[in-house]
Visitor: 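Have a look at this one before I ask anything.
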Amino acid sequence: MNDTPEENTPPLDFIRQRVADDVAAGKNDGRVVTRFPPEPNGYLHIGHAKAICLNFGLASEYEGGVCHMRFDDTNPTREDAEYVDSILDDVRWLGWDWGENLFYASDYFDQLYEYALVLIRKGKAFVCDLDHKEMAAHRGTVQEPGRDSPHKSRSVEENLDLFERMRAGEFEEGSRTLRANIDMASDNMVMRDPVIYRIMKVDHHRTGDKWCIYPMYDFTHGLSDSIEKVTHSLCSLEFQVRRPLYDWFIDEVGVECHPQQIEFARLNLTYTVMSKRKLLELVEGGQVEGWDDPRLPTICGLRRRGYTPASIRTFCERIGMARRDNTQEVALLEHGLRDELNRTAERRMGVLRPLKVIIDNYPEGESEELDAINNPEDESAGKRKVPFSRELWIEQTDFMEDPPRKFFRLGIGREVRLRYAYYITCVDVVKDDAGEVVEVHCTYDPETRGGDSPDGRKVKGTIHWVSAQHAVEAQVRVYDHLFMAEDPLQAGEGGDWKENLNPDSLEVLDGCKLEPALGGSVAGDNCQFERHGYFCVDPVDSAPGNLVFNRTASLRDTWARLQKRAGS
RNA sequence: UGCCGAAUGGUGUAAUUGGUAGCACGCCAGAUUCUGAUUCUGGAAGUCGGGGUUCAAGUCCCUGUUCGGCAACCA
């Protein structure tokens, strides 16, 4: 009794279902063409990753399916080639390939101009002399219809002439626009004679000074989809009201290919913000150190933090696809990451907050090497040697003079196991003037070499350690959620959302002691510091002899959770 | 007091289109463990409200409520 394939396949989301239906019905000759259409005016974040994985993923599920990479670069005042490169990098890093299909809406400016002429000749577009303010006044409100522009009834010839002269640069910026001739009384504000072209005497990052009029999004986007023979044009919910306009342009221009726009809910994540504007505010306000700050949900930030492309793709698959507003818990993202890293990351020992341990009965000046397993989840990762000697570093939190119940770690008179090494028993402590324990004296049991005792006695705790004379020093940056509130935008009465910033979102630890195997770490390396979490070498600030690690994610810490619960 | 859209455990997302409310994360408990990790077992927790149709409603109808989007020469 085997499961049928159907039972193993997750159900299709509403978009995939619809595409499957279209293909089954022979629509578009069974072709599937999608596109990812960013504007090159900022950095990609994980919300974009959702759209990227949807568009590229969906296309990849069909024989011959393709996903185009297209830049919606119709507003030269806010766009820049710099962003094009970073966006391309990010999409590639996520693991997607657009092949030959890299396009720019600006590639279509000539064609789009011709399309505009078609509309004018049909009487479906007119040149309007209203300025910004006047146009707004004519537009009406959501509850009241707008009024026709006084120029709406210009002749086709006059419109053709004026539009050509707009293109020739005869008119001032803002003095004239080309508008669609639709309906100023429409319930849908978007249909109230929207602007198609505006005058902008600005160089474009690709077309230079060729144009001084630029097409608007609504006109450009759908027709670009049509030019590229896109079959399914997937976008986020806020474009829903614009679908009638998307369809209107395509129908009125009379192009043969009419892609289907389908909207889905964009991604929100707990403990962070996603809007471009707010991200920019954090970067410019200095609350973070740049677009690639590891606390940001930007793709470059996640990459620097140590997130893997696969974990982000898995996340995008698991969150599903629907039309309702949603806020995903970061915990789901983190879970996928840990799940992957648990399988792939090699284990190392690193002491973040060092406390000196001296093994009184271990000979001075001697050392030995012990075997340590690189990855218990993957035997092929093999073993390594870890040096042991009389003076060690352990974690400050692994010793307590006056331990609470169920504390399995080191305390006076207690015995614990040093991971892969020996059982040690604490016999004494040395304190500084302030009464802080600065040195812990222990004895070790030579019979327990490797971590097992021949007499079968058990120890409850196993702690990590690093030999003091062999330790490699490093800076470790411990990251936590950028905001303290699940929904940072939910600020108190009159409050600023930035008041929800987590003051402890970054803790920089210097003088951390790492096992020597980590000495040659370079950018791109990652590992698990046992009992701490997953870390990666910071690609920007780390250098040989000046190692910097970022904490990608902590391990689940049941003990800390219990402690916290008992404390509060 | 407009138009459009959406409401299923804490968070997401399914339910053969009218027929056993499933899955994942999170949470709780236990077992295992040389990582208080991992793994394993079990548990708590849900159809926005009110009517109606029907043998049968998360699903269909009516009605209410709540939430989101829309008045850039932005995308």
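Here is how names work: the chains are called A, B, and so on, in the same order as the sequence lines, proteins then strands, and each is numbered from 1.
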Visitor: If anything within 90° of 0 is syn and all else is anti, what is B:A71?
Guide: anti

Visitor: Can you tell me if the side-chain N/O atoms of A:R565 get under 4.0 Å from OP1 or OP2 in B:C28?
Guide: yes

Visitor: Rounded to whole angstrom units, what separation is found between the CD atom of A:E79 and the C1' atom of B:A75?
Guide: 8 Å

Visitor: Would you say that more than 12 heavy atoms from the other residues, nucleotides or ligands in this model lie under 6.0 Å from the NZ of A:K201, or not?
Guide: yes

Visitor: Does B:C70 have its OP1 or OP2 closer than 4.0 Å to a side-chain nitrogen or oxygen of A:N188?
Guide: no

Visitor: Please report the shortest heavy-atom distance between A:F407 and A:P403, naming the atom on each side.
Guide: CD2-CB, 3.5 Å

Visitor: Which letter, B, S or -, goes with each nucleotide of nucleotides 12-20 of chain B from 5' to 3', with contact meaning a protein heavy atom under 4.0 Å?
Guide: SBS------

Visitor: Distance between the P atoms of B:A45 and B:C4, in whole angstroms?
Guide: 40 Å

Visitor: How far, in whole Å, is B:C25 from B:G18 if one measures between their C1' atoms?
Guide: 31 Å

Visitor: Examine B:C74: is either OP1 or OP2 under 4.0 Å from a nitrogen or oxygen in the side chain of A:R198? Give yes or no.
Guide: yes

Visitor: Grab the two heavy atoms, one from A:D183 and one from A:D193, that are nearest each other, plus how far apart they are.
Guide: N-OD1, 3.1 Å

Visitor: Any cation-pi pair here, A:R154 with A:F126, using under 6.0 Å and within 45°?
Guide: no

Visitor: Using O4'-C1'-N9-C4 for purines and O4'-C1'-N1-C2 for pyrimidines, with syn meaning within 90° of 0, is B:U17 syn or anti?
Guide: syn

Visitor: Does the A:N188 side chain pair with the main chain of A:V241, one donor and one acceptor, at a distance under 3.5 Å?
Guide: yes

Visitor: In whole angstrom, what separates A:L341's CG from B:U38's P?
Guide: 13 Å

Visitor: Atom CZ of A:R556 to atom C1' of B:U32: distance rounded to whole Å?
Guide: 15 Å

Visitor: Work out how far the P atom of B:A15 is from that of B:G51, and round it to whole angstrom.
Guide: 28 Å

Visitor: Across the strands shown, which category fits A:H335 at heavy-atom distances under 4.0 angstrom: base, sugar-phosphate, nothing?
Guide: sugar-phosphate

Visitor: When all nucleic acid strands are considered with a 4.0 Å heavy-atom cut-off, which category describes A:E39: base, sugar-phosphate, or nothing?
Guide: sugar-phosphate

Visitor: Whether the side chain of A:R347 and the base of B:U35 hold a donor-acceptor pair under 3.5 Å is what I'd like checked.
Guide: yes

Visitor: C1' atom, B:C73 versus B:G68: distance in rounded Å?
Guide: 27 Å

Visitor: Looking only at atom C1', what distance separates B:A44 and B:A37, rounded to whole Å?
Guide: 25 Å

Visitor: Return one dot-bracket line describing RNA chain B 5' to 3' (Watson-Crick or G-U wobble pairs, both distances under 3.5 Å; ( ) same strand, [ ] crossing, | another strand, . none).
Guide: .((((((..((((.....[..)))).(((((.......)))))....(((((..]....))))))))))).....

Visitor: Between B:A37 atom P and A:R417 atom CZ, what is the distance in whole Å?
Guide: 15 Å

Visitor: Taking the six-membered ring for Trp, is the centroid-to-centroid distance between A:F264 and A:F14 below 6.0 Å?
Guide: no

Visitor: Between A:R243 (CZ) and B:A6 (P), how many Å, whole number?
Guide: 10 Å

Visitor: Looking across every strand, which nucleic acid part, if any, lies under 4.0 Å from A:R179 by heavy atom: base, sugar-phosphate, or nothing?
Guide: nothing

Visitor: Please report the distance separating the P of B:U38 from the corresponding atom of B:G30, rounded so that it comes out in whole Å.
Guide: 16 Å

Visitor: Which comes earlier along RNA chain B counting from the 5' end, the contact point of A:R531 or that of A:E238, where each point is its nearest nucleotide?
Guide: A:R531

Visitor: Salt bridge between A:K383 and A:D371, side-chain N to carboxylate O under 4.0 Å?
Guide: no

Visitor: Tell me: CD of A:E334 to P of B:U38, nearest whole Å?
Guide: 13 Å

Visitor: Hey, does the side chain of A:T558 come within less than 4.0 Å of B:A37's phosphate (OP1/OP2), counting only N and O?
Guide: yes

Visitor: Check A:E238 with A:R266, please: is the shortest side-chain N to carboxylate O separation under 4.0 Å?
Guide: yes

Visitor: I would like to know whether A:R70 and A:E228 meet salt bridge (charged side-chain N to carboxylate O under 4.0 Å, His left out); could you show each step before the answer?
Guide: CA-CA 10 Å; A:R70 182 177 76 234; A:E228 293 179 13; 3.3 Å; yes

Visitor: CZ of A:F239 versus C1' of B:A72: gap in Å, rounded?
Guide: 13 Å

Visitor: Quick one: do A:D339 and A:R343 make a salt bridge, cutoff under 4.0 Å?
Guide: yes

Visitor: The side chain of A:D72 is closest to which nucleotide in this list: B:C70, B:C73, B:A75?
Guide: B:A75

Visitor: Do the rings of A:W211 and A:F109 sit parallel, tilted or perpendicular, given the 30° and 60° boundaries?
Guide: perpendicular

Visitor: What integer number of Å spans the C1' atoms of B:U11 and B:G49?
Guide: 23 Å

Visitor: Name the nucleic acid region contacted by A:V195, choosing base, sugar-phosphate or nothing; use a 4.0 angstrom heavy-atom cut-off, strictly under.
Guide: sugar-phosphate

Visitor: A:H205 and A:P40: which non-hydrogen atoms are nearest, and at how many Å?
Guide: NE2-CG, 4.2 Å

Visitor: For the P atoms, the ones on B:C55 and on B:A24, what distance do you get once it is rounded to whole angstrom?
Guide: 37 Å

Visitor: Can you tell me whether the side chain of A:R561 and the base of B:G36 have a donor-acceptor pair closer than 3.5 Å?
Guide: no

Visitor: Using a 4.0 Å heavy-atom cut-off, does A:Y197 contact any base of the nucleic acid, only the sugar-phosphate backbone, or nothing at all?
Guide: nothing

Visitor: Under 4.0 Å between any heavy atoms, over every strand shown, what does A:P38 touch: base, sugar-phosphate, or nothing? Just pick one.
Guide: nothing

Visitor: Among B:A71, B:U1, B:A75, which is the nearest nucleotide to the side chain of A:R78?
Guide: B:A75

Visitor: Please work out whether the ring planes of A:F535 and A:H532 are parallel, tilted or perpendicular, with thresholds of 30° and 60°.
Guide: perpendicular

Visitor: Under 4.0 Å from any atom of RNA chain B, heavy atoms only: list the residues of residues 215-222 of chain A that qualify, in numerical order.
Guide: A:P215, A:M216, A:Y217

Visitor: Scan A:R192 against the nucleic acid and name what it touches under 4.0 Å (heavy atoms): base, sugar-phosphate only, or nothing.
Guide: nothing

Visitor: Mind checking whether A:Y113 and A:Y197 have parallel, tilted or perpendicular rings, split at 30° and 60°?
Guide: perpendicular

Visitor: Could you check, using the six-membered ring where one of them is a Trp, whether A:Y83 and A:F71 have ring centers closer than 6.0 angstrom?
Guide: no

Visitor: Whole angstroms only, please: what is the CG-P distance between A:L269 and B:C25?
Guide: 17 Å

Visitor: Which atom names give the shortest non-hydrogen contact between A:H221 and A:R35, and what distance separates them?
Guide: NE2-NH1, 2.7 Å

Visitor: Pick the nucleotide of RNA chain B nearest each of A:D339 and A:D131; which residue has the one closer to the 5' end?
Guide: A:D339

Visitor: Regarding A:N41, tell me which of base, sugar-phosphate or nothing describes its non-hydrogen contacts under 4.0 Å with the strands shown.
Guide: nothing

Visitor: Pick base, sugar-phosphate or nothing for A:K460, based on heavy-atom distances below 4.0 Å to the nucleic acid.
Guide: nothing

Visitor: Using a heavy-atom cut-off of under 4.0 Å over every strand shown, decide if A:T270 touches base, sugar-phosphate, or nothing.
Guide: nothing

Visitor: Verify the contact: side-chain N or O of A:R139 to OP1 or OP2 of B:C73, cut-off strictly under 4.0 Å; return yes or no.
Guide: yes

Visitor: Need one value for A:F407: base, sugar-phosphate or nothing, where a base atom within 4.0 Å counts as base even if backbone is also close, heavy atoms only.
Guide: base

Visitor: Using only heavy-atom distances, decide whether a donor-acceptor pair under 3.5 angstrom links the side-chain of A:E144 to the base of B:G2.
Guide: no

Visitor: When you measure only distances, ignoring hydrogens and angles, does the side chain of A:Q528 come within 3.5 Å of the base of B:U35 through a donor and an acceptor?
Guide: yes

